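Counting from 1, the numbers follow the sequence of the chain as shown. Just so it is clear, the model here is predicted, and its values are computed rather than measured.
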Amino acid sequence: DDMHENKKAMKYDLIQDTINIRSYNLKTKWEAGSKYELEIMPFAFIDIYSRNNDTIKKEFETSNPDNFSSVLFSLENAKGSYIIELIKDKNVIARKFANGTEKLYFGYLDAAKYRVRVIEDRNNNKMWDAGLYLQKLQPERVAYVKFLESGFKLEARANWELEQTIDINMLFNSDDE
């Protein structure tokens with residue numbers, strides 16, 4: 001088997017996920033369509049109860065970049081801060097933050113249909129706030145983008161690069177949410 005004959009250690013970075021803080025991403029220079037083996041030694045992870053992992057070995061293969069899609073969103077008429085989220089099957093797949101009118105790139109997306117949610121982040125804390133009744137603060141506004149071609153779903157296909165414009169004025173002043 002080729003995988004076991006060509007074993008070699010690789011340099012990598014282990015980076016905590018910004019959305020799910022109990023998840024980590026392994027960053028290194030992956031080769032498309034290559035096979036790898038990840039080996040995690042005992043005591044590499046210890047939980048709050050002092051329990052540790054045993055040896056973990058996982059074989060996997062990297063995907064070809066041609067199997068993915070990317071989307072570039074251009075925000076128009078954006079005054080203030082916004083959170084842009086891609087949602088697939090009720091799960092937030094990717095999240096970006098924007099201040100004013102700018103372009104946001106979402107890369108390496110699975111070929112699928114996504115909903116795009118825009119949250120007006122009035123206090124710039126990078127999360128949705130429900131408002132405070134006693135202080136007469138309204139919740140931050142949330143809207144789903146409706147695309148001309150496909151309604152509320154954005155279709156990302158393999159090896160496609162999409163460009164979409166989101167007009168913030170139209171989005172938050174629309175009646176068909």
Task: Residues that Tyr108 engages under ring-ring contact (aromatic ring centres under 6.0 Å, His included), provided they are two or more places apart - done: Phe68
Open item on the list: Among residues at least two apart in sequence or on other chains, which ones pass ring-ring contact (aromatic ring centres under 6.0 Å, His included) with Trp128?
Closed with: none
Inter-residue atom distance [X].[atom1] - [Y].[atom2], 0.5 Å rounding:
{"X": "Asn64", "Y": "Asp66", "atom1": "CG", "atom2": "CG", "answer": "4.5 Å"}
{"X": "Thr165", "Y": "Leu148", "atom1": "OG1", "atom2": "CG", "answer": "10.0 Å"}
{"X": "Phe60", "Y": "Trp30", "atom1": "CZ", "atom2": "CH2", "answer": "3.5 Å"}
{"X": "Leu104", "Y": "Tyr82", "atom1": "CG", "atom2": "OH", "answer": "12.5 Å"}
{"X": "Leu109", "Y": "Ser70", "atom1": "CG", "atom2": "OG", "answer": "7.0 Å"}
{"X": "Arg115", "Y": "Ile87", "atom1": "CZ", "atom2": "CD1", "answer": "7.0 Å"}

- [ ] Taking atom CD of Glu61 as the centre, report whether more than 12 heavy atoms of other residues, nucleotides or ligands fall under 6.0 Å from it.
- [x] yes
- [ ] Without swapping roles, check the side chain of Asp17 against the backbone of Ile19 for a donor-acceptor pair under 3.5 Å.
- [x] yes
Open item on the list: Donor-acceptor pair, distance only, cut-off 3.5 Å: does the side chain of Asp167 make one with the backbone of Asn169?
Closed with: yes
Grab the two heavy atoms, one from [X] and one from [Y], that are nearest each other, plus how far apart they are.
{"X": "Glu140", "Y": "Asn123", "answer": "OE2-OD1, 3.1 Å"}
{"X": "Glu31", "Y": "Tyr36", "answer": "N-OH, 2.8 Å"}
{"X": "Met10", "Y": "Thr28", "answer": "CE-OG1, 3.6 Å"}
{"X": "Val145", "Y": "Phe152", "answer": "O-CD2, 3.4 Å"}
{"X": "Asn77", "Y": "Ile168", "answer": "O-CB, 3.6 Å"}
{"X": "Asn173", "Y": "Arg141", "answer": "OD1-NH1, 4.4 Å"}

Task: With sequence neighbours excluded, residues passing salt bridge (charged side-chain N to carboxylate O under 4.0 Å, His left out) with Glu85 - done: Arg95, Arg117
Task: Arg22: partners by salt bridge (charged side-chain N to carboxylate O under 4.0 Å, His left out), with sequence neighbours left out - done: none
- [ ] Could you tell me whether the side chain of Val118 reaches within less than 4.5 Å of the side chain of Phe73, counting heavy atoms only?
- [x] no
TODO: Run the numbers on Tyr114 and Ile93 for side chain to side chain contact (heavy atoms under 4.5 Å, CB included), then give the verdict.
DONE: CA-CA 9 Å; Tyr114 297 89; Ile93 302 300; 4.1 Å; yes
By the rule that ILVMFWY residues connect when side-chain heavy atoms come within less than 4.5 angstrom, directly or transitively, which residues belong alongside [X]?
{"X": "Leu137", "value": "Leu132"}
{"X": "Tyr105", "value": "Leu72"}
{"X": "Ile21", "value": "none"}

Open item on the list: I want to check a possible cation-pi pair here: Lys96 against Phe106, using under 6.0 Å from ring centre and within 45° of the ring axis as the test.
Closed with: yes
Open item on the list: Suppose we screen for side-chain contact (heavy atoms from CB on, under 4.5 Å). Which residues come up paired with Tyr24, at least two apart in sequence or across chains?
Closed with: Leu14, Gln16
- [ ] Return the set of residues passing side-chain contact (heavy atoms from CB on, under 4.5 Å) with Thr101 (not counting sequence neighbours), or none when no residue passes.
- [x] Ala78
Open item on the list: Filter on side chain to side chain donor-acceptor pair (under 3.5 Å), then keep only pairs touching residues 152-163, sequence neighbours left out; what's left?
Closed with: Glu155-Arg157
Can you give each donor-acceptor pair under 3.5 Å made by side-chain atoms of residues 38-48, sequence neighbours left out, with the distance rounded to 0.1 Å?
from  : atom 1 : to    : atom 2 : distance (Å)
Asp47 : OD1    : Tyr49 : N      : 2.8
Asp47 : OD1    : Ser50 : N      : 3.1
Asp47 : OD1    : Arg51 : N      : 2.8
Asp47 : OD2    : Arg51 : NE     : 2.7
Asp47 : OD2    : Arg51 : NH2    : 2.9

TODO: Show the numbers, then the answer: is there a side chain to side chain contact (heavy atoms under 4.5 Å, CB included) between Leu86 and Val92?
DONE: CA-CA 6 Å; Leu86 290 184; Val92 175; over 6 Å; no
Open item on the list: Tell me which pairs pass salt bridge (Lys or Arg N to Asp or Glu O under 4.0 Å) where either residue lies in residues 101-110, with sequence neighbours left out.
Closed with: Lys88-Asp110
Task: Evaluation steps, side chain to side chain contact (heavy atoms under 4.5 Å, CB included), between Ile84 and Leu75 - done: CA-CA 10 Å; Ile84 315 303; Leu75 300 185; 4.2 Å; yes
- [ ] Verify the distance criterion only: is there a donor paired with an acceptor across the side chains of Ser81 and Asn124 at less than 3.5 Å?
- [x] yes
